[in-house]
Amino acid sequence: MRRYFNTEGICEPSSHYMVQLDTRLDKIKRAYVDRGKYLTISRGRQYGKTTTLKALIKYLSPDYLVLFLDFQMLSSESFRNESVFSIAFAELLQKALQNSHLTQSEKCAQPIGQFFSFTQMNATISLRELFSHISLLCKTTPLPIVLIIDEADNASNNHVFIDFLSMLRGYYLDRENSPIFHSVILAGVYDIKNLKLKLRPEEEHQYNSPWNIAAKFNINMNFTTKEIAAMLQEYETDCHTGMDVPAVAKEIFLYTCGYPYLVSAICKILDEDLPELEPDFSSKCIWKKEGVTQAVHHLLKEDIPLLASMAKQLDSYAELHTMTEEILYEGKQIAYSQMEKSVNLGTMFGFFKENNGHVAIANRIFEMALLNMFAAKEAVSNEAYRYGQRDKNQFIQYGQLNMRLILEKFIEHFTDIYGNNDEKFIEKYGRKFFLLYLKPIINGTGNYYIEAQTRDMCRTDVIIDYRGIQYVIELKIWHGNAYHQRGEQQLAEYLDYFHLQTGYLLSFNFNQKKNPGIKEIHLDDRTIIEAVV
């Protein structure tokens, strides 16, 4: 059977097209495991953590006894008290030992047999007793033991698990006298160092940094353009699509920034779904820029757990929700510091990243999904959205958007609805209302995103993809003629990047002598249609 792109569960090289992990695994081994480090691998949902850990087991097995535990296998009852947890943990450890390649080794028979006897003969086990027998196991096995716990954050709001980590820390600090695991890797979304975030407020005072021994995990788990290209080349060798592999890899990276699930999801749609979803779409265009754009469009229409989880987290943390809106709509520059709770949360959940010292949305797809989500929430109450919904049919001509007419109608509505508001209000909400007006016009057929490199408090470039045609609209807050002229030149240069002749400029102008309306500006062979509010 031909390999395929997998978006459900663990990826296996024999069954799936996937990025090669050997370089990443070697870095983890050399920088952390070989040095006996304890660490946390904390990444957002569907970031490829479990696939990486499973591959790491095989990579480490010649030199280490690797024990893999999955805390998803533990029920809430397993954390009822110390004894119940100790027994449940010992059973998981016993199962991991049974799966180990060293179980049948004569050198391992006695220590493993002693551990099995201990777990089976005791109806109650304390943490102290559990660690005493783990220490004996670690002392007598012929290879150092590496413990990997996946989904460890499932237990992080249980105090018995905090007690477990505290005892593990104690053994770590005294491991010259009391042997313990050579290296420990805890994986999950929540960083175990941030247990306080998951404790109820009345319990926060009990937080005591039980995992402050963890080394900082600095390895980038995003896929690079080169890694994506290598995966696509394997697919091309099998399927002979004729794609320009480096170009397609670059386009996928531009939308995903290498977020593992998103890369696989786009490839899966291109491989399996696009011919059925777009029957009029030429097969020659599937593995090209146009195909990637269409795949993203369909991905954003799907109800996928990753995006649902993102929406849930924003609903749970009001300050994080506000910060995300400010970045998207206002171009607010927020200094990147994980000491700030909302920045830390957004980074931990995977939809924030650092860009030139400031907080940025992690990738273009997340940005598009967030804009869709915010628009959907405001659809009922926002006047701009309702006008866009009412006007939308008049803007589509011969399958294309009449962007000039969209700007004309927006000026008319904006002046009627918001014209009497002060400058501060318009600076804060003007661009937001335009995006809300635009959303129902392109909904179901097109998408838009904000070009990250141009977003600031004064300028935002919006890129619309509609039926394979791109439109560039610069949204600008007026700050004088000289600044305005520089903006026109910047937009003209930006059009070159997209190979476009016409661009659009929407200016929110507070000059008393302004001339509201539409005008054309010609720069060399480029045309800029400017709308002034």
Side-chain angles (χ1 to χ4, degrees), residues 289-290 293-294 296-297 328-329 331 364 367-368 371-372 375 382-418 430-451 454-455 459-478 484 487-509 514-533:
K289 179 178 179 179
E290 297 90 339
T293 299
Q294 287 300 112
V296 170
H297 176 69
L328 284 174
Y329 285 131
R364 188 180 292 175
E367 179 174 285
M368 296 164 81
L371 287 169
N372 289 345
N382 187 271
E383 289 283 346
Y385 187 95
R386 288 206 296 269
Y387 274 110
Q389 183 74 25
R390 190 194 69 182
D391 295 346
K392 62 180 182 179
N393 292 332
Q394 63 184 291
F395 299 130
I396 313 301
Q397 298 174 356
Y398 306 105
Q400 298 183 20
L401 291 176
N402 186 333
M403 189 56 62
R404 178 176 186 138
L405 183 57
I406 290 173
L407 293 174
E408 288 177 352
K409 297 298 290 186
F410 175 75
I411 292 174
E412 176 185 324
H413 298 316
F414 190 88
T415 302
D416 290 342
I417 304 170
Y418 307 112
R431 287 174 289 190
K432 174 181 180 179
F433 291 157
F434 175 73
L435 292 174
L436 287 169
Y437 179 73
L438 185 62
K439 183 59 186 173
I441 297 171
I442 65 171
N443 197 33
T445 305
N447 276 299
Y448 56 61
Y449 62 88
I450 299 171
E451 176 53 50
T454 65
R455 182 195 290 114
R459 176 188 176 201
T460 295
D461 283 343
V462 177
I463 316 300
I464 300 172
D465 285 311
Y466 190 87
R467 294 189 180 277
I469 299 175
Q470 292 181 312
Y471 306 81
V472 178
I473 311 169
E474 180 176 318
L475 312 182
K476 183 180 290 293
I477 305 296
W478 180 270
H484 188 64
E488 293 169 354
Q489 185 60 45
Q490 287 171 340
L491 177 56
E493 293 170 357
Y494 200 54
L495 293 176
D496 290 337
Y497 174 80
F498 288 95
H499 308 291
L500 297 172
Q501 296 295 119
T502 303
Y504 304 87
L505 177 61
L506 175 58
S507 298
F508 295 92
N509 190 332
K514 67 181 178 183
N515 294 313
I518 299 285
K519 66 177 180 180
E520 288 191 8
I521 301 166
H522 297 279
L523 296 172
D524 298 325
D525 60 342
R526 301 287 185 259
T527 299
I528 296 175
I529 297 175
E530 180 180 8
V532 178
V533 178

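Only heavy atoms go into these numbers, but all of them, side chains included; no hydrogens, no water, no symmetry mates.
To the nearest 0.5 Å, atoms CG (Asn443) and CG (Leu438) are separated by 10.0 Å. To the nearest 0.5 angstrom, Ile464 atom CD1 is 5.5 Å from Ile442 atom CD1. The CZ atom of Phe508 sits 9.0 Å away from the CD1 atom of Ile411 when rounded to the nearest 0.5 Å. For the atom pair CE of Met368 and CG of Asp465, the computed distance is 6.5 Å after rounding to the nearest 0.5 Å. Taken from CD1 in Ile521 to CZ in Arg526, the straight-line distance is 15.0 Å, to the nearest 0.5 Å. Summarising the geometry, atom OH belonging to Tyr385 is positioned 13.0 Å from atom CG belonging to Leu435; distances are rounded to the nearest 0.5 Å.
Met403 is listed as a side-chain neighbour of Ile473, based on a closest heavy-atom distance under 4.5 Å. Looking at heavy atoms from C-beta onward, Ile463 lies in side-chain contact with Phe498 at the 4.5 angstrom threshold. Residues Glu474 and Val472 form no side-chain contact, since every pair of their non-hydrogen atoms from C-beta on lies 4.5 Å or further apart. Using a 4.5 Å heavy-atom cutoff, the side chains of Asn447 and Asn372 are in contact. Residues Phe434 and Val462 are not in side-chain contact: their nearest non-hydrogen atoms beyond the backbone lie 4.5 Å or more apart.
A search for salt bridge (Lys or Arg N to Asp or Glu O under 4.0 Å) contacts involving Arg404 returns Glu408, Glu520, not counting sequence neighbours.
Here the shortest heavy-atom pairing between Leu495 and Thr527 reads CD1-O, 4.4 Å. Nearest heavy-atom pair across His297 and Gly446 is CE1-N, 3.8 Å. Nearest heavy-atom pair across Leu405 and Asn402 is N-OD1, 3.0 Å. Across all non-hydrogen atoms, the minimal contact from Ala531 to Ile518 is CB-CD1, 3.4 Å. Residues Ala375 and Lys439 come closest through the heavy atom pair CB-CG, 3.8 Å.
Checked by atom type and distance alone, the side chain of Tyr448 never pairs as donor or acceptor with a backbone atom of Leu371 at under 3.5 Å.
Residue Asp496 places its CG atom among more than 12 non-hydrogen atoms of other residues, nucleotides or ligands, all under 6.0 Å distant.
The six-membered or imidazole ring of Tyr471 lies away from that of Tyr466, with a centre-to-centre distance of 6.0 Å or more.
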N/O donor to acceptor pairs below 3.5 angstrom from side-chain atoms of residues 387-396, sequence neighbours left out:
residue: Asp391; atom: OD2; partner: His413; partner atom: NE2; Å: 2.6
residue: Asp391; atom: OD2; partner: Tyr437; partner atom: OH; Å: 2.9
residue: Gln394; atom: NE2; partner: Asp391; partner atom: O; Å: 3.4

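One finds no salt bridge joining Arg364 and Glu367 here, because no Lys/Arg side-chain nitrogen approaches an Asp/Glu carboxylate oxygen to under 4.0 Å.
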